[in-house]
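Have a look at the structure below before the remarks.
The model shown is predicted, which means the values in this text are computed figures rather than measured ones. The figures that follow rest on heavy atoms only: side chains count, while hydrogens, waters and symmetry mates do not.
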Amino acid sequence: IYQQEKDWAKAIEVAAALVRGLDQLPSWSVTALVAVAQAAAIVLVVLAVVGAVRHGTPRVVLAAAISAALAAGLAALLDLVSDEQGPIVTDVDPVLGLGEEAPWSTAGLAALAALVATIGPWLPRPLRRLGWAVVVCVALMHLTTTPLSAGTLIALLAGWVVGTAVTVIS
């Protein structure tokens, strides 16, 4: 187990070195990218709910709410279990009042991924692709503004798995 922890710590160091180039960018440009990703995610949530109500049924909206809550809970639980963290890649000012330390938590990222996974089948293909593009942008933003850990990947997987499972079950 000790060797696995050392390997994981080394992997986090390598990932930090790979994305360290963001420190060379002006802070205003990174903050602008974070603001765009946050605004796009908020618009995505609103469009997803409107699209689900318009193209789906109230059952779809209820399934999306349940999957987002379950994914957020699962990601928060898994985040408590894994406490291995690396360095912060870059410093970003809080934007749009969506966070003091980091714009998105792992639970919020998981909920967003679950929402897109659940409502996706009832949306037209361009909106579905836009939804996943925003999820990836928010995940990249989360990766660069929080201490490096497996939390981002765990949140994406938790949201996708829970959202897909709720879609299949409902």
Looking only at heavy atoms, what is the nearest atom pair of [X] and [Y], with distance?
| X | Y | value |
| --- | --- | --- |
| Ala117 | Thr167 | O-OG1, 3.5 Å |
| Val166 | Ala63 | CG1-O, 3.4 Å |
| Leu156 | Ala139 | CD1-CB, 3.7 Å |
| Ala72 | Ala110 | N-CB, 4.4 Å |
| Val162 | Ala71 | CG1-N, 3.8 Å |
| Ala111 | Ala68 | CB-O, 3.6 Å |

Can you find a pair of side-chain heavy atoms, one from Thr106 and one from Ile154, that are under 4.5 Å apart? no
Test item: Trp122 and Leu127 side chains (from C-beta on) under 4.5 Å apart, heavy atoms: no
Please check: side-chain N/O of Thr118 versus main-chain N/O of Leu115, any donor-acceptor pairing under 3.5 Å? no
Which value, rounded to the nearest 0.5 Å, describes the distance between Ser67 atom OG and Ile169 atom CD1? 11.0 Å
If I take atom CZ from residue Arg59 and atom CD1 from residue Ile66, how far apart are they, to the nearest 0.5 angstrom? 11.0 Å
Is the number of heavy atoms from other residues, nucleotides or ligands within 6.0 Å of CH2 (Trp160) greater than 12? no
